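See below for the structure under consideration.
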Amino acid sequence: MSIVDLAVQNLASPMVLFFALGVAAALLRSDLSVPEAAAKFLALYLMLAIGFKGGVEVSKSGLDPAMGLTIGAGILLSFAIPLAGYFFIRMTTRLGAIDAAAVAAHYGSISIVTFVAATEIVRGLGLAYEGYLIAVAAVMETPAIVAALLLARRAAPAAGDGPREGMGPLLREVATNGSIVILVGAFLIGWITGERGMSMISPFIVDPFRGILCLFLLDMGLVAGRGLRQGARELSPPLIAFGIYFPLVSASLAAALVVPLGLSVGGAALFITLAASASYIAVPAAMRLALPEANPAIYLTLSLGVTFPFNLSLGIPLYAAVAQRIAG
Amino acid sequence: MSIVDLAVQNLASPMVLFFALGVAAALLRSDLSVPEAAAKFLALYLMLAIGFKGGVEVSKSGLDPAMGLTIGAGILLSFAIPLAGYFFIRMTTRLGAIDAAAVAAHYGSISIVTFVAATEIVRGLGLAYEGYLIAVAAVMETPAIVAALLLARRAAPAAGDGPREGMGPLLREVATNGSIVILVGAFLIGWITGERGMSMISPFIVDPFRGILCLFLLDMGLVAGRGLRQGARELSPPLIAFGIYFPLVSASLAAALVVPLGLSVGGAALFITLAASASYIAVPAAMRLALPEANPAIYLTLSLGVTFPFNLSLGIPLYAAVAQRIAG
Amino acid sequence: MSIVDLAVQNLASPMVLFFALGVAAALLRSDLSVPEAAAKFLALYLMLAIGFKGGVEVSKSGLDPAMGLTIGAGILLSFAIPLAGYFFIRMTTRLGAIDAAAVAAHYGSISIVTFVAATEIVRGLGLAYEGYLIAVAAVMETPAIVAALLLARRAAPAAGDGPREGMGPLLREVATNGSIVILVGAFLIGWITGERGMSMISPFIVDPFRGILCLFLLDMGLVAGRGLRQGARELSPPLIAFGIYFPLVSASLAAALVVPLGLSVGGAALFITLAASASYIAVPAAMRLALPEANPAIYLTLSLGVTFPFNLSLGIPLYAAVAQRIAG
Amino acid sequence: MEMHSKKRIEILLEAPAQKRLTDLLDRLDVTGYTVLPVIGGRGHHGVWSRDGLPSAAGAMVSVAIIVAEEKLDEVLEPVFELVRRHIGIVTISDVMVIRGERF
Amino acid sequence: MEMHSKKRIEILLEAPAQKRLTDLLDRLDVTGYTVLPVIGGRGHHGVWSRDGLPSAAGAMVSVAIIVAEEKLDEVLEPVFELVRRHIGIVTISDVMVIRGERF
Amino acid sequence: MEMHSKKRIEILLEAPAQKRLTDLLDRLDVTGYTVLPVIGGRGHHGVWSRDGLPSAAGAMVSVAIIVAEEKLDEVLEPVFELVRRHIGIVTISDVMVIRGERF
Ligand SMILES: Nc1ncnc2c1ncn2[C@@H]1O[C@H](COP(=O)(O)O)[C@@H](O)[C@H]1O
Ligand SMILES: Nc1ncnc2c1ncn2[C@@H]1O[C@H](COP(=O)(O)O)[C@@H](O)[C@H]1O
Ligand SMILES: Nc1ncnc2c1ncn2[C@@H]1O[C@H](COP(=O)(O)O)[C@@H](O)[C@H]1O
Ligand code: NA
Ligand code: NA
Ligand code: NA
């Protein structure tokens with residue numbers, strides 16, 4: 001399938017369209033909303049399902065020496081991308097050091113929903129992928145936060161450091177974050193129970209998965225649209241541009257590692273997507289603790305309102321096409 | 001199947017029985033309850049699913065010239081039924097103009113859950129129906145509100161009109177109401193993505209649909225039973241009678257249009273059901289804004305506690321039987 | 001399958017592992033949580049599904065004379081077990097009469113989730129079970145509460161008796177408890193609608209059942225782990241021991257009745273499990289009303305934090321093995 | 001605007017007893033009450049949280065009642081009598097209302 | 001710590017009218033407001049509960065506004081004008097804040 | 001009934017920092033606290049709403065503490081020190097309680 005076909009087909013998928021519906025509803029000021037408890041529950045479901053599936057894949061394929069390597073590469077990327085991001089932001093926008101560091105952290109970390117959407121596209125192309133990429137996703141959540149904190153402290157020594165809060169407690173909090181615990185926990189359970197476990201719960205975690213993803217994307221669209229309505233004025237054109245070109249920078253860094261890591265085509269597409277995706281669930285919460293001085297309207301709007309839709313609509317097909325070129 | 005068989009089979013369906021269980025639990029003052037967030041989520045699911053299915057049907061059958069006509073007929077009915085209803089209420093009950101107008105609005109508008117229950121019965125009879133009836137359902141939600149407002153203003157010029165709220169903002173609010181946006185949005189997405197989209201999400205929106213409907217009807221039964229316990233003393237016998245005979249009046253109006261519109265038997269059953277059904281989600285909220293002087297205990301109890309159970313148990317089989325006669 | 005195999009296979013099932021994940025997350029002080037509304041909804045789903053399935057089974061097998069007998073035996077056990085439990089607690093621990101009575105009530109009553117987990121194991125062994133055991137489960141919820149109240153009043157005449165609350169209103173409240181109403185109601189609906197009803201809603205209540213059970217057990221693990229973190233210091237070693245050996249006492253009482261009742265192997269496993277299980281949803285709430293002087297940290301932690309995990313992991317395989325011996 | 005001085009009683013009570021309290025309020029001569037959600041807390045009985053609870057046990061709710069000053073004791077005594085046996089705390093504060101005749 | 005005296009207006013209002021109220025507050029010169037959930041209650045209009053409601057109809061919400069004493073009437077009058085037409089009650093109480101210039 | 005005068009501190013705080021605050025309260029000498037839900041609002045930082053949020057980021061919670069008057073400053077200072085760095089506001093009001101020795 002050509003990249004244009006892929007992009008068109010992706011744009012006309014229920015997932016992308018439900019996200020667009022959410023954005024449209026928010027911009028029209030509709031009172032359409034997903035209850036908070038339902039949104040939390042859907043997020044939990046998606047992470048449980050994706051973690052479990054990854055674990056089952058690993059149990060099927062057995063331990064792959066490339067797994068450790070790819071995990072290491074993921075950690076490296078998660079740490080390096082914020083440094084690059086910080087540099088670009090400071091060069092091209094007027095954001096201060098603290099805000100720049102906070103934004104950068106989001107791009108070094110990952111968005112599980114972007115990853116999930118990419119798995120759907122990869123599967124739609126008939127490609128398989130390495131199950132351990134779930135583990136890679138999990139380890140990439142946190143290093144970016146550390147990198148951002150170091151950047152912020154170097155730039156503004158007094159910032160990012162409450163009277164009583166050091167880096168230690170913060171990292172502990174981030175590492176025991178619910179989304180990481182359920183992702184890793186479900187991965188391990190999938191690994192342990194393998195295909196027997198999968199046969200028991202697949203009517204719950206596999207069959208309705210895409211439909212539930214649509215509903216969650218509708219909600220994300222609503223939240224993103226609301227954020228855009230509120231936060232758009234916080235975003236200067238260079239910052240919006242950053243939200244679109246920088247994922248391509250991150251994607252390129254990841255793409256360079258695909259061949260050395262020996263990833264499959266599907267795996268490559270997902271690995272590049274991880275690098276290109278920006279967190280909008282775990283990192284925003286962490287930034288409120290680590291860098292409370294940073295303006296949340298900036299980083300949330302940029303990550304959820306600009307980069308997420310870009311990746312969902314055009315980015316992922318592009319990363320899949322690139323993966324087909326280099327790993328195919 | 002004879003109409004009696006149909007009615008009996010319907011009364012013994014899990015859907016009707018779960019509704020009855022809810023009513024019984026509420027009357028027994030059980031603390032059984034569905035959390036608010038879950039009820040909202042179930043309602044969202046039902047509207048998303050029914051909208052999407054309708055859109056897919058339209059994408060399969062292609063655009064039908066009858067669609068525009070039926071939509072027009074739906075708008076007309078939604079506007080005309082409240083006028084008839086207002087007349088009956090004022091003639092037979094002691095309700096004041098404002099309360100009468102508010103009640104009338106509910107009967108001109110539609111109940112999506114009644115519609116959904118009817119699709120199950122229609123499908124149970126092995127009948128197909130025009131997918132665009134979802135669009136008809138959507139357009140029928142609002143005109144009734146306008147009609148009721150005009151009635152109320154004519155009768156009590158000072159009413160239904162806050163110092164700062166004209167008809168315009170109210171209509172805007174009603175038209176961007178969450179339930180309409182999701183219904184129409186999912187319809188369009190179903191239309192665009194067609195059978196490919198359906199094959200992706202049918203394990204979520206088709207397979208568990210009836211079960212989820214049962215759970216939602218349990219909740220509706222709980223709410224209706226609670227309303228009956230509280231609001232029964234607000235309902236005079238002539239008003240209760242209205243809640244039962246007036247759906248038959250509306251149904252007759254719709255039945256007269258079935259042949260000119262060229263609807264299929266299944267489509268006719270659903271079109272008649274739409275006319276006969278009374279809103280209890282969208283219109284009550286709109287009435288609190290449009291006619292806050294009207295007593296909500298009256299219209300909610302009548303619509304949800306009398307007309308909804310009547311339609312669910314006896315009305316729909318009757319409408320289906322009528323449809324078989326006239327469109328068969 | 002040998003009992004050891006059975007235990008190992010059970011310990012490595014997704015259900016037990018998700019419970020363990022929840023406990024671990026709570027002990028790590030992760031912020032992983034299931035929203036309250038989702039937890040209530042999952043509990044409702046499980047009770048609806050298990051009740052409905054039981055009713056359908058009864059409709060298939062027809063009324064069995066053993067049903068009345070087994071229900072009678074269940075009531076007897078639910079009344080007798082608290083007496084035995086009270087005796088053991090007072091003999092071996094330092095708990096006062098009120099606390100002892102409150103704990104005893106939990107063990108006479110039943111845990112539907114333990115029952116549900118046992119049905120999965122029984123089914124995994126290829127065994128069938130009598131559908132009416134659901135009805136037995138329902139009737140066993142309440143007598144234990146009466147027994148405990150009588151114990152408490154004998155021991156401390158002033159306790160368990162507010163100025164205005166007698167036994168009557170309390171029993172009414174307990175009997176119309178939401179979990180009993182939905183269990184019994186769904187059972188009756190399943191019975192009435194039979195296989196036709198089942199074919200309509202099985203994609204909702206059968207297919208995803210195990211997966212949803214996993215999610216609920218994750219939540220139970222989180223709640224149990226939180227309870228253990230808080231309440232562990234309330235539990236003396238003799239009390240913890242009680243939480244493990246006393247289920248075996250109850251199980252023995254039930255096992256003695258299996259042959260006279262003529263239960264199948266699967267049915268016997270479930271009947272024994274009912275006796276051995278301890279309530280942690282319905283009875284704790286009832287105890288807050290009946291014996292508000294009793295310390296909830298004791299009975300909740302013991303029932304949910306000690307006995308439930310014991311039954312889930314080791315108890316049920318043991319009861320199944322015993323059932324195979326005596327009823328096989 | 002003219003305002004009238006009233007008392008606001010707020011009762012934080014364990015959730016299983018909520019119906020008992022509102023039934024009591026129905027018997028007492030109060031014009032109304034409002035139930036407010038609570039999501040967690042800590043006290044002498046330890047820490048609690050609504051998160052993940054499948055039933056009312058272990059949770060608390062809050063009920064607010066606005067009463068005329070002269071009716072305060074009449075309401076407070078039976079309410080406190082009930083709360084005394086349960087986990088709960090009662091606070092009273094001053095509020096002004098506009099439609100004073102309503103309470 | 002130095003504290004400043006302010007007024008706290010709390011508006012318990014039927015939920016369908018919430019947007020009307022917050023839109024009004026956006027037009028008025030208040031520095032902010034907070035929306036609080038409510039789960040049930042009883043009054044002259046009868047008993048209500050959020051449980052199981054699929055829409056805003058039949059539910060209530062509460063909106064709290066902290067204002068400087070001298071702005072109280074300016075805010076209260078239009079707010080009460082709106083509430084008067086709906087199911088709702090307005091209460092006013094005294095609070096102290098630390099960053100007084102904020103309100 | 002005999003009543004005792006206490007202070008009620010209410011802290012509206014961004015939700016990600018909730019644990020920080022309750023951990024602080026655990027270290028301070030307060031007899032308890034209660035966490036209350038909040039569903040939306042507006043302030044200098046713009047409008048926010050809990051609707052549809054999959055995590056704590058973007059949401060707020062409220063924590064209420066009843067303390068004896070003489071302990072007010074002792075609690076308020078470290079609390080305000082924490083809140084100062086976050087999005088949040090602190091209000092203090094007077095309440096009466098019945099079991100005064102409890103707070
Ligand atoms: N000083 C306090 N301030 C605010 N809330 C409190 C206070 N003490 C107790 N509470 C609340 O009341 C509940 C029961 O208190 P207790 O009976 O002391 O455990 C606690 O879990 C808190 O939610
Ligand atoms: N005296 C009161 N104290 C507390 N809340 C009240 C009181 N009266 C009314 N309410 C609340 O306001 C709502 C509407 O009041 P009403 O208009 O009297 O029905 C009630 O449902 C209660 O939630
Ligand atoms: N004047 C006010 N009255 C009530 N709540 C307020 C007020 N100002 C701010 N808030 C609440 O505090 C939050 C944070 O305030 P701010 O830091 O000003 O954005 C707002 O989103 C509101 O929920
Ligand atoms: Na990234
Ligand atoms: Na109608
Ligand atoms: Na038992």
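Each chain gets a letter, A, B and so on, in the order the sequences are listed, and its residues count up from 1. Every value quoted in this text rests on a predicted model; they were computed, and no experiment measured them.
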Q: Counting only heavy atoms closer than 4.5 Å, note whether Ile87(F) contacts chain A via side chain, backbone, both or neither.
A: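 Both backbone and side chain.
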Atom pair [atom1] ([X]) and [atom2] ([Y]), whose distance is rounded to the nearest 0.5 Å:
X	Y	atom1	atom2	answer
Arg20(F)	Glu173(A)	CZ	CD	6.0 Å
Arg85(F)	Leu289(A)	CZ	CG	9.5 Å
Arg42(F)	Gln230(A)	CZ	CD	10.0 Å

Q. Between Ala37(A), Gly178(A), Ala38(A), Ala285(A), which residue shows the highest count of heavy-atom pairs closer than 4.5 Å to chain F?
A. Ala285(A)
Q: Pick whichever of Ala43(A), Gly22(A), Ser33(A), Ser179(A) has the most heavy-atom pairs under 4.5 Å with chain F.
A: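 Heavy-atom pair counts peak at Ser33(A).
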Q) Pick from Pro54(F), Ala57(F), Pro16(F): which one has the most heavy-atom pairs with chain A under 4.5 Å? A)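 Option with the greatest count: Pro54(F).
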Less than 4.5 Å to any heavy atom of chain F: does that hold for the side chain of [X], its backbone, both, or neither?
X	result
Pro284(A)	both
Phe41(A)	neither
Leu222(A)	neither
Met287(A)	neither

Q | Minimum heavy-atom distance Asp51(F)-Val223(A), with the two atoms named | A |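 In terms of heavy atoms, the two residues are closest at O-CG2, 4.2 Å.
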Q. Hey, is CZ on Arg94(A) packed in by over 12 heavy atoms from elsewhere, all under 6.0 Å?
A.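 No.
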Q.
So does Ser49(F) get a backbone contact from the side chain of Arg226(A), meaning a donor-acceptor N/O pair under 3.5 Å?
A. yes
